[in-house]
Structures are given as structure tokens and as C-alpha cells.
Amino acid sequence: MNPYLVERLAPFGTTIFAEMSALAVATGAINLGQGFPDTDGPDVVKQAAIAAINAGHNQYPPGIGVPELRHAVAAHQQRFYDLAYDPDTEVLVTAGATEAIAASLLALCGPGDEVVTFEPYYDSYAACIAMAGAQRRVVTLQAPAYTFDADALRAAITPRTKLLLLNSPHNPTGKVFTRAELTLIAELAREHDLVVVTDEVYEHLAFDGEHVPIATLPGMRERTVTISSGGKTFSFTGWKVGWLCARPELTAAVKTVKQFLTYVNAGPFQEAIAVGLGLDDAYFSQLASELRDKRDRLCLGLEQAGFAVTRPHGTYFVTADIAPFGETDGLAFCRALPGRCGVVAVPSVVFYDDTAAGAALVRFACCKRNEVLDDACTRLKALAR
Ligand SMILES: Cc1ncc(COP(=O)(O)O)c(C=O)c1O
């Protein structure tokens, strides 16, 4: 317990990623814990950043983001989803999706409000809901298929519910919510007059099935804040360029918070991501197909090592069950894994309120070079012996 940390953030000490990454460094293990690619994104995007820096575009960009990027985002939403957004009033550039999530929650909910989300959930959701002073109510995605009980979702919505916080394609399960599931969620949002904040950072990393932005469903564009990440779509996670699209009133509300968090960030990188968004369809389909191959590579290796694997339909991640090893404690398993075979993974329990539901699950990242994945799979086979 840190005596200086305010009570509402006490449960959020040091993230498991920091602990596991430190373990990877200390033991020399292969780090499949944190989700970042180990190769750079497109050279044309990188060169655009260098050109913007050399052109002297190094001071504060406009608060809502450089016009090139806002226009490119609007064009992207039109091109891929047939959604029209005004680049001046309905697009807001943020410091990664992380800031878009934080600013949205701080702007749109507060003490006395409830936020409904699915577990396992990306760790920043719980922290940001707590920072906003709101309460989270979670609905469990049931392993191994990660479906949810519609009645459980209905029951989670109360008169205090202010918003639904979604994530599809979903970290850590790799689930891509189906059109039918999203239609049900949309119906409930309309019925209870809820705002939907949807984290779609893996929008271009859906391998099987279609990614359906919930904003495309009837009546949803007006009540949805859609969040994206240049880091994920262009494999430049360190640039921290994200954005959101929403109707003007919602965008303005989030901007009010965002301007006092970072104000702005990543000026020249914003210009570069605008170039990326203009790349042809082949770039986006190749990104997904390369990652699909990596997913298959890692899933096969995990299965051969003895894990029970649910094949993800999208994202950087594969979730595996350790039950076949006769083990049930994923946290202990992950702490011991570097010593046992030189690989780092993340215990999925950290993404759950219902710790029993996630106890035996561990998450591996597949967004690594093939030789790294192959090496990790060879090492993991030591577990099978
Ligand atoms: C579901 C999800 N949302 C948001 C983020 C953060 O995105 P960014 O790096 O653009 O802040 C991540 C990163 O891992 C993520 O997995």
C-alpha cells in the first residue's frame, strides 16, 4: 500500500505488464507479455514523420489535431465503414487510444454513475472509471468461446448506468463481437438512452469474420464515441497517436477534458499517420493476413506444448488455458514460466473482477517476428515433457 496514493486508485498499484517485462529483462526470457510488434510499420509512414520533423513541424499542433490527420480519419471512416464525420467537429486526435479512453470516461461519467463493460477488460478501463469516480459493472465473456449471457447484460444495466464501454476486436480474448451481439447491445443502448464508448483499436486486425463498428448500426452513430489507434494500425505503438469519432456534442465534451490532460502530442507523427491512413487497401489486408499467420503459428505451438487454446479472431493476442497441465493458478504459472522455459506471458486474471473466471488463463502476444515466435514455441514445448 502506498500511503500517498488516493484511495480510489489504491487497487491499481503497478501493472502486471511492468512486473512481467522486468522479469523478462532479468531472466533474458522471450517477452510475449506486452503487445507491441517487434518490427516497424510502413517505411513511407516513417519517412513522412522524418520529413515533418525536418520541415520544422515541431511545435504544438492544433488542440483537436492537425487538419491532415483529421481529414484522413474522416476519409478512412467513410472508405471502410460508410460513416460520414465532419473533420472539424466530429474528430478528435488524442495521445494514443489510451488518452481517448481516459478523456471519454472523465468527460462522460462521474460519481453516482455506472459504466457497464465486459470482462476480461483492458486494464485501463477499470482505472479510468475509478478516476472518474464512477462504478463499473462487468458482464463476463465466458471461456472458451467468450460469449456472454444476454440476461446478464440486461441485469447489469440499472437506472444509474451512464455508458457502455466496449472493445471489439477484444483484448485479451481476441473475440470479434458478432453483428448479432452488437445489435443486441445497440438495442439496449437505445432503450436505456446510453452513450457507447467503443475501443476499436484492433479494427484492422480482425482475421476471421467481419469487424462491425457499432456506430454503423441503426441509431448508434449519434450515441457512440469510436476510438482508434495509429499505433496498432501502423505498428508504431511508441508514437501514441490515437483519435476518436463522435457527433459534435460528444466530441466537444471529451475535448474539454483532453485539453487539460495532454493538450496536444506527437505533432509530426500525426502528419505521418495521416499518410498511413491514405495507404491502399492492400496495406490493410496484408497487415491482417500477416498477423493471422502469426496467430496460427503461435496457436499451433501452444497446442503442441499442451495448452488448451481458443483461436482468437482478431488482435495481437492468444489466450490459453493451463488446465491441461493440471494447474489452475495463472499468476503463479506466469511468474514461474521464465524460469521453467524462458518465456514471459501475462496472467489473464488481472483483466477480471471475477478472479475465478480468469484464474487458469494466460495471454500471449503473437505480434512478433516469426523466428521469435518459433523460438518461444520450441521453449514452451519443455512444458509438455
Ligand atoms: C484494447 C486496447 N485499447 C487501447 C490500447 C492503447 O492504445 P494506444 O497505444 O493507442 O494508447 C491498447 C493497447 O494495448 C489496447 O489493447
Side-chain angles (χ1 to χ4, degrees), residues 15-18 20-21 31-38 40-41 45 65 69 73 76 91-106 115 117-129 136 138 141 146 164-177 196-206 211 213-214 225-245 254 258 261-262 264-266 269-270 272-273 276-277 287 291 295 312-319 345-346 348 350-352 363-368:
T15 73
I16 194 72
F17 306 102
M20 291 300 158
S21 291
N31 190 354
L32 299 187
Q34 222 179 351
F36 59 88
D38 57 358
D40 281 347
V45 176
L69 180 53
V73 166
H76 169 277
V91 177
L92 180 65
V93 178
T94 55
T98 306
E99 188 191 34
I101 295 162
S104 297
L105 289 164
L106 290 168
V115 176
T117 194
F118 291 96
E119 70 174 354
Y121 48 75
Y122 181 59
D123 59 343
S124 87
Y125 300 171
C128 290
I129 293 166
R136 70 177 179 275
V138 298
L141 297 171
Y146 300 111
L164 300 178
L165 177 54
L166 306 182
N167 173 212
S168 184
H170 181 262
N171 175 8
T173 65
K175 173 188 176 69
V176 178
F177 281 69
V196 172
V197 175
T198 177
D199 174 346
E200 300 184 4
V201 299
Y202 298 104
E203 61 192 311
H204 288 292
L205 296 175
H211 165 62
I214 196 166
V225 177
T226 305
I227 294 172
S228 300
S229 168
K232 307 293 179 188
T233 297
F234 299 104
S235 306
F236 288 116
T237 59
W239 290 6
K240 295 298 283 188
V241 177
W243 57 89
L244 60 86
C245 295
V254 181
K258 183 260 178 315
L261 292 178
T262 57
V264 291
N265 78 306
F269 299 111
Q270 292 188 20
I273 295 294
L277 286 170
L287 178 74
L291 208 65
R295 174 211 51 188
H313 296 304
T315 79
Y316 283 167
F317 304 108
V318 177
T319 294
V346 166
S348 301
V350 300
F351 307 117
Y352 284 85
R363 191 195 76 175
F364 295 87
C366 64
C367 51
K368 307 293 177 185

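Read the numbers this way: they start at 1 and go in the same order the structure lists the ligands and their atoms.
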Ring pair (Phe, Tyr, Trp, His ring centres under 6.0 Å) against Tyr121, all qualifying residues, sequence neighbours excluded: none

Interatomic spacing from OG1 in Thr319 to CZ in Phe364 - rounded to 0.5 Å: 9.5 Å

Contact with ligand 1 for Tyr202, non-hydrogen, under 4.0 angstrom: yes

Exam field: side chain Asp123 to backbone Ala127, donor-acceptor pair closer than 3.5 Å: no

From Thr94, Thr98, Asn265, residue fulfilling side-chain hydrogen bond (donor to acceptor under 3.5 Å, both in side chains) relative to Lys240: Thr98

Contact atoms of ligand 1, heavy-atom distance to Asn171 under 4.0 Å: 1 (C), 15 (C), 16 (O)

Region of Lys232 engaging ligand 1 - heavy atom pairs below 4.0 Å: side chain

For atom 7 (O) of ligand 1, closest protein heavy-atom neighbour: Ala97 CB, 3.5 Å

For ligand 1, the portion of His170 having any non-hydrogen atom under 4.0 Å away: neither

Those residues that, when tested against Glu99, pass side-chain hydrogen bond (donor to acceptor under 3.5 Å, both in side chains) (two or more places apart): Lys258, Thr262

Closest protein heavy atom (residue, atom, distance) for atom 1 (C) of ligand 1: Asp199 OD2, 3.3 Å

For Pro169, the option from Thr315, Leu205, Asp199 that meets side-chain contact (heavy atoms from CB on, under 4.5 Å): Thr315

Distance from atom 6 (C) of ligand 1 to nearest protein heavy atom, with residue and atom: Thr98 OG1, 3.4 Å

Approximate separation, where rounding is to 0.5 Å, of Phe36 CZ and Lys232 NZ: 10.5 Å

Interfacing atoms of ligand 1 (cut-off 4.0 Å, heavy-atom, Lys240): 8 (P), 9 (O), 11 (O)

Step-by-step ring-ring contact (aromatic ring centres under 6.0 Å, His included) determination, Phe118 to Tyr146: CA-CA 10 Å; Phe118 291 96; Tyr146 300 111; over 10 Å; no

Ser229 N/O to ligand 1 N/O under 3.5 Å: yes

Ligand 1 to Tyr125 polar contact by distance, N or O atoms, under 3.5 Å: no

Where ligand 1 meets Asn167 - atom numbers and elements under 4.0 angstrom, heavy-atom basis: 1 (C)

